[in-house]
Amino acid sequence: MTVNLLDHDAEGLARFFAELGEKPFRARQVLRAIHRRGAADFASMSDCAKSLRGRLGEVAEIRAPGVIRDEITPDGTRKWLLDVGAGNAVESVFIPDGDRGGGARRYRGTLCVSTQAGCALDCAFCSTGKQGFNRNLSTAEIIGQLWLANRALGGTGEGPRALTNVVLMGMGEPLANFDNVVTALRVMLDDDAYMLSRRRVTVSSSGIVPAIDRLAQACPVALAVSLHAPEDRLRDALVPINRKYPLATLLAACRRYLERSPRDFITFEYVMLDGVNDADAHARALVALTRGLPCKFNLIAFNPFPGSAFRSSPAQRVRGFQEILMNAGIVATLRRTRGREIDAACGQLAGRVRNRRGVVGISEVTA
Ligand code: SF4
């Protein structure tokens with residue numbers, strides 16, 4: 001069986017090359033060829049000895065998920081629907097902002113990445129949650145989304161980079177797929193791969209507290225938390241994982257997370273649901289809940305989907321809510337409607353999932 005090299009970070013590749021009897025620097029060379037130059041085969045790795053290329057061709061491969069659909073919207077947002085086998089598909093979305101030739105200050109290219117086929121956490125407002133859960137994506141399927149996007153966007157080589165930011169906010173709960181996600185994060189941060197600083201990589205979680213603590217130790221990238229309610233009764237209904245890790249426990253984990261990286265802040269995502277969590281009293285309760293915690297809020301318009309009973313809060317209500325947070329000194333942004341599918345909490349991208357928990361067939365959601 002061949003080994004997919006996209007499944008490995010630098011350490012894993014070094015182990016693989018050691019098993020082949022090769023020197024560790026060869027692993028770095030190959031890591032660089034795959035992720036910096038976007039190599040899709042070994043024949044193109046001309047800086048490696050011919051004998052090594054031949055050997056790799058026999059025992060290894062570079063295999064990203066297949067592209068089912070590739071769409072570009074008029075505002076430059078680009079979406080890929082990716083085949084992850086057995087009838088499952090996940091989506092990656094790229095959102096460019098500014099002029100790529102204009103330097104790092106003028107340009108931001110964000111890729112929103114999926115980490116699971118479906119999601120088991122069943123948040124009430126989430127289209128992915130309603131599809132059920134099939135399986136965790138492998139590291140190759142996660143990092144393969146960067147690899148594919150980088151190649152498609154011409155981001156390989158020495159010119160300006162296409163991808164400057166990554167958010168793990170696509171389909172799935174990243175921290176429920178901890179090991180594969182952390183290996184992929186290490187590749188994202190590696191100077192021989194995507195060279196992203198840890199503040200430009202954001203993991204978005206619904207609040208699996210032990211995994212937040214583990215992430216702080218393993219790879220403390222930026223953390224976003226899907227909050228959506230300021231008190232337990234409401235959050236129990238909207239984000240069921242809250243019954244296991246209630247707000248006090250979650251907020252304590254956020255404070256511990258920042259102890260590892262004191263100059264950082266937590267981003268709280270808050271989907272604005274008309275008449276559910278959008279009253280002035282909710283905003284004031286959020287101010288009290290997060291007092292003393294360096295944080296900012298992303299207020300998100302709800303993306304309606306078939307069968308959902310929720311409605312998005314009216315614009316005026318959202319502004320009133322935002323004002324209360326801002327007046328309390330909390331930065332609160334409204335996500336723009338551009339690239340609407342990623343203007344959501346974790347996991348609201350389209351895709352299709354063969355639900356392993358039930359016998360329903362493939363469901364398709366158009367978020
Ligand atoms: S919001 Fe995130 S954690 Fe909740 S069901 Fe959707 S994908 Fe899963």
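When a residue number appears, it is its place in the shown sequence, counting from 1. Atoms within a ligand are numbered from 1 in the order they appear, just like the ligands themselves.
- Within the listing of ligand 1, atoms 3 (S), 5 (S), 7 (S), 8 (Fe) sit less than 4.0 angstrom from a heavy atom of C119.
- Here I241 has no heavy atoms under 4.0 Å from ligand 1, in either its backbone or its side chain.
- For atom 6 (Fe) of ligand 1, the N/O/S atoms of C126 include one lying under 2.8 Å.
- Note on ring orientation: taking the six-membered ring where Trp is involved, the planes of F297 and F268 are tilted (angle from 30° to 60°).
- Annotation: H282 is not in aromatic contact with F321 [ring centroid separation under 6.0 Å not met].
- Close contacts between ligand 1 and G129 involve ligand atoms 5 (S) [criterion: under 4.0 Å to a heavy atom].
- Under 4.0 Å from ligand 1, heavy atoms of C123 appear from its side chain as well as its backbone.
- The salt bridge (Lys or Arg N to Asp or Glu O under 4.0 Å) test with R28 singles out one residue from D190, D9, D191, and that residue is D190.
- Using a 30° and 60° split on the angle between ring planes, H35 and Y194 fall in the perpendicular class, above 60°.
- Heavy-atom contacts of S206 reach the following atoms of ligand 1: 3 (S) (cutoff under 4.0 Å).
- Heavy-atom proximity to D122, at under 4.0 Å, picks out these atoms of ligand 1: 5 (S).
- In this structure, D232 does not pair ionically with R243, as no charged nitrogen and carboxylate oxygen lie closer than 4.0 Å.
- Two residues are said to be in side-chain contact when any heavy atoms from C-beta on lie closer than 4.5 Å; C48 and Q29 meet this criterion.
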